[in-house]
Amino acid sequence: MPELPEVETTRRGVSPHCEGQRVTAVEVRDHRLRWPVPDQLPALLVGQVFQSVERRAKYLLFRTSAGTLLVHLGMSGSLRLVSQEEPPRRHDHIDILLKNGLCLRYHDPRRFGCCLWLEKGELHPLLGKLGPEPLSAGFDGDYLYRCSRGRKGPIKNFIMDAKVVVGVGNIYANEALFLAGIRPDRASGRISRARYDDLASQIKQVLTTAISNGGTTLRDFVGGDGKPGYFAQKLLVYGRKGEPCKQCGHTLREARLGQRSSVYCVTCQR
DNA sequence: CGCTGACCCTGACGGC
DNA sequence: TGCCGTCAGGGTCAGC
């Protein structure tokens, strides 16, 4: 489910209801996530006040004066606010009850996500080796160009590598490469500076658009179904294998790169 | 260090 | 209707 736009949408949705709120209770129904949910989590969290909800890459960071709750939604996770009376459904693994009567509920069928605690001042190894945020000023064509010199792997794997840049998932990697006219299997080390300028701005563009579309669901986030609005967005290549390219009409092809499906147009992407 | 492939887990979907 | 293989938007890790 979540690419960077949905994680950001989630952050914007839950943050106004969490900030300034004291945690009154924590219930962990299933601790078997990507890494086990710490047994001490309830004891550590109860009584703390969420000062802010931040995002780094696809991690959500709930700051308190004692430390930080670090949440990742994995592939199938979601976080939403429900009434404390609402009974949990299957795969609702964690409840964090707040003073305002709401419950922050973590749901994750595949359990690829995680929910961890960081002591104040502790830098988690997961956050240590991350590349720049794609929407930051430090991320641009020049950066990608310099990073890629000497590398032989496909450009698509390169831009999905969190050590290079965070938050570019499979959907938007496909879309950005189409918009920049670059074949996903081209060696990243052999792409020109000018094309990287275009690619960097297309990545920013596609993520920005998706975030603003995801924002349409914010209104009914509380008690809503949490379904991302950007699903409705017209994707140009992702999920369109065998269909005509919207730019030239050529049939879109699929290739597998790094275990993930890549859809592209042989005419528009070189 | 860079790159590849296996793996973590459940659910949805298409073919037979 | 039901069974089975395949695939899914995340990321880590071992091995070469």
### Stepwise side-chain contact (heavy atoms from CB on, under 4.5 Å) test for A:E119 and A:W117
CA-CA 7 Å; A:E119 289 298 325; A:W117 177 256; 3.0 Å; yes
## Note on the structure
For B:dC9, the nucleotide meeting Watson-Crick or G-U wobble distances (both under 3.5 Å) is none
### Task
Look at the side-chain N and O atoms of A:K58 and state whether any lies under 4.0 Å from the OP1 or OP2 oxygen of C:dG11.
yes
### A:Y238 vs C:dG9: side-chain N/O to OP1/OP2 distance below 4.0 Å
yes
### Task
Name the orientation class of the two ring planes belonging to A:H91 and A:H107 (parallel below 30°, tilted from 30 to 60°, perpendicular beyond 60°).
perpendicular
### Task
Apply the salt bridge (Lys or Arg N to Asp or Glu O under 4.0 Å) test between A:R29 and each candidate in A:D108, A:D95, A:D92; give the one that qualifies.
A:D95
### Query
If pairing requires Watson-Crick or G-U wobble contacts with both distances under 3.5 Å, which nucleotide is the partner of C:dG9?
none
### Task
Mind checking A:N157 for me? I need base, sugar-phosphate or nothing, with any heavy atom below 4.0 Å counting as a touch.
sugar-phosphate
### Query
Expressed as a whole number of Å, how far does the P atom of C:dC3 sit from that of B:dC9?
24 Å
### Spacing of A:K156 atom NZ relative to C:dG10 atom C1', expressed in whole Å
13 Å
### Query
Does OP1 or OP2 of B:dC3 have a side-chain N or O of A:R151 closer than 4.0 Å?
yes
### Message
Between P on C:dT12 and NZ on A:K163, what's the gap in Å once rounded to a whole number?
### Response
8 Å
### Message
Regarding A:Q205 and A:S201, do their side chains bring together a donor and an acceptor under 3.5 Å, going by distance alone?
### Response
no
### Query
Is any NZ, NE, NH1 or NH2 atom of the basic residue among A:D142 and A:R193 found under 4.0 Å from an Asp or Glu carboxylate oxygen of the other?
yes
### Message
Any base atoms under 4.0 Å from A:L73, or only sugar-phosphate, or nothing? Heavy atoms, all strands.
### Response
nothing
### Task
Verify the contact: side-chain N or O of A:R34 to OP1 or OP2 of C:dG10, cut-off strictly under 4.0 Å; return yes or no.
no
#### Entry: Atom-to-atom span, NZ of A:K152 to C1' of C:dC16 - whole angstrom
17 Å
#### Entry: Spacing of A:M160 atom CE relative to C:dT12 atom C1', expressed in whole Å
14 Å
### Query
What is the distance from CZ of A:F112 to P of B:dT10, rounded to the nearest Å?
9 Å
### Query
Does C:dA8 have OP1 or OP2 sitting under 4.0 Å from an N or O in the side chain of A:S261?
yes
### Message
Taking 4.0 Å as the cut-off, does a side-chain nitrogen or oxygen of A:R110 come that near to OP1 or OP2 on C:dG9?
### Response
no
### Query
If only side-chain N and O atoms of A:H91 are considered, is one of them under 4.0 Å from the OP1 or OP2 phosphate oxygen of B:dC9?
no
### Query
When the nearest nucleotide of DNA chain B is assigned to A:R111 and to A:S188 on a heavy-atom basis, which residue is associated with the more 5' position?
A:S188
### Query
For the pair made of CZ in A:R256 and P in B:dG5, what is the distance, rounded to whole Å?
12 Å
### Summary
From CD of A:Q259 across to P of C:dG10 the rounded distance in Å is 14 Å
### Query
What do the steps show when you test A:Y238 against A:L252 for side-chain contact (heavy atoms from CB on, under 4.5 Å), and what is the final call?
CA-CA 10 Å; A:Y238 179 82; A:L252 296 175; over 6 Å; no
### Task
Would you tell me if any nitrogen or oxygen in the side chain of A:R90 comes within less than 4.0 Å of OP1 or OP2 on B:dT10?
no
### Query
Rounded to the nearest Å, what distance is computed from the OH atom of residue A:Y172 to the P atom of nucleotide C:dA8?
17 Å
